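Comments concern the structure below.
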Amino acid sequence: MSVDAVERFYAILAVAAIALMVIVWGARLTRLIAPSAFPASSGMERVLHERSLGSAWIVATLATAGSLYFSEVAGFVPCTLCWYQRIAMYPLVVVLGVGALRGDRSAPAATALAAIGAAISAYHVALEWIPSLDSGACAVDAPCTFVWFRAFGIFSLPTLALTAFLLILTLLASRAPARAEDLERSPA
């Protein structure tokens, strides 16, 4: 498989992830505003709630595989911020995998790692679009402002990472009840 094909594949996954996040947060907002308007949203939330850790594990695993592919196979040299994003993403494979296998009710470590990774990714995306924000934290031989590719004109490596972190956060948030009444009914 060519590097271009892998770039396109991950960009398509990112588009699907964004669509899923819009649907999840839209359904959640609808349920908060008008609970009886869309009863199907509660069914979707129930399905997501049951599968959220496993789904988040799949996202983290795909992101990790992509990260390793782009550096080890495609030869893209990771910058300092890329390494920090990896430090947040790679452990998520283990934390979410163990959480999914054990059926954990909460995932505070996963949420913290995903939030930290999302913040780093967001800053990295900003650096790519506005290089003047660079404070000189990255090495000269691997600048954080360098863009290896921009699939569909928007999806670069940090953008893909940001999308993965945000999807993981969305899946983890789907484990929390959308309303106070739901909190009373959800199992402890």
Side-chain angles (χ1 to χ4, degrees), residues 1-18 20-21 24 48 51-128 134-135 137-151 154-176:
M1 191 177 246
S2 73
V3 175
D4 286 341
V6 175
E7 290 170 5
R8 256 190 314 280
F9 170 73
Y10 275 96
I12 290 168
L13 286 179
V15 170
I18 291 167
L20 178 62
M21 286 186 279
V24 168
L48 271 176
R51 294 172 175 81
S52 63
L53 282 178
S55 299
W57 175 80
I58 291 169
V59 173
T61 301
L62 284 169
T64 298
S67 160
L68 291 170
Y69 173 85
F70 286 122
S71 64
E72 300 304 317
V73 176
F76 298 170
V77 178
C79 70
T80 303
L81 291 177
C82 290
W83 280 112
Y84 292 154
Q85 290 165 76
R86 287 173 174 211
I87 290 168
M89 184 63 75
Y90 290 9
L92 282 171
V93 175
V94 175
V95 171
L96 292 167
V98 169
L101 288 174
R102 288 181 41 200
D104 286 349
R105 294 278 180 219
S106 65
T111 302
L113 282 169
I116 290 166
I120 295 166
S121 296
Y123 176 65
H124 197 176
V125 169
L127 280 180
E128 283 188 335
D134 189 11
S135 63
C138 286
V140 175
D141 57 337
C144 295
T145 56
F146 185 77
V147 180
W148 285 100
F149 65 88
R150 207 179 291 281
I154 191 163
F155 294 106
S156 63
L157 287 170
T159 308
L160 294 174
L162 177 60
T163 304
F165 283 123
L166 291 176
L167 181 56
I168 290 168
L169 286 169
T170 297
L171 290 167
L172 294 175
S174 73
R175 297 181 57 76

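On a predicted model such as this, the values are computed, not experimentally measured, just so you know.
Smallest separation of non-hydrogen atoms from L127 and T145: O-CG2, 3.7 Å. Closest non-hydrogen pair, V147 versus S156, comes out as CG1-CB, 4.2 Å. Of all heavy-atom pairs between H124 and L81, the closest is ND1-CB, 3.7 Å. For the pair A161 and Q85, the tightest heavy-atom approach, listed with the atom from each and the gap, is CB-OE1, 3.3 Å. Nearest heavy atom pair, residue C79 against residue A142, reads CB-O, 3.2 Å. The shortest heavy-atom contact between P78 and C82 is CB-CB, 3.7 Å.
Distance alone, capped at 3.5 Å, is enough to place a donor-acceptor pair between the T170 side chain and the L166 backbone. Distance alone, capped at 3.5 Å, places no donor-acceptor pair between the Y10 side chain and the L160 backbone. Between the S174 side chain and the L171 main chain, a donor and an acceptor come within less than 3.5 Å of each other.
The shortest side-chain heavy-atom distance between F165 and I120 does not fall under the 4.5 Å cut-off. Here the side chains of L92 and T61 are not in contact, with every heavy-atom distance at 4.5 Å or above. By the 4.5 Å heavy-atom criterion applied to side chains, C144 and Y123 are not counted as neighbours. You'll find the side chain of E128 stays beyond 4.5 Å of the side chain of L157, heavy atoms only.
Heavy atoms from other residues, nucleotides or ligands lying under 6.0 Å from OH of Y84 number 12 at most. Applying the 6.0 Å contact sphere to CD1 of I18 captures more than 12 heavy atoms from other residues, nucleotides or ligands.
Distance check: I168 CD1 to W57 CH2 gives 12.0 Å after rounding to the nearest 0.5 Å. The CG atom of L167 sits 9.5 Å away from the CG atom of L172 when rounded to the nearest 0.5 Å. In this structure, CG on L101 lies 11.0 Å from CG on L96, to the nearest 0.5 angstrom.
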All N/O donor-acceptor pairs, side-chain side in residues 110-118, below 3.5 Å, sequence neighbours left out:
unit_1: T111; atom_1: OG1; unit_2: A107; atom_2: O; d: 3.0

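The side chain to side chain contact (heavy atoms under 4.5 Å, CB included) test applied to A11 returns A151, F152, F155, not counting sequence neighbours.
Residue pairs that meet the side chain to side chain donor-acceptor pair (under 3.5 Å) test with at least one member in residues 71-83, sequence neighbours left out, are S71-R86.
Classified by interplanar angle (parallel below 30°, tilted 30° to 60°, perpendicular above 60°), the ring pair F76/W148 is parallel.
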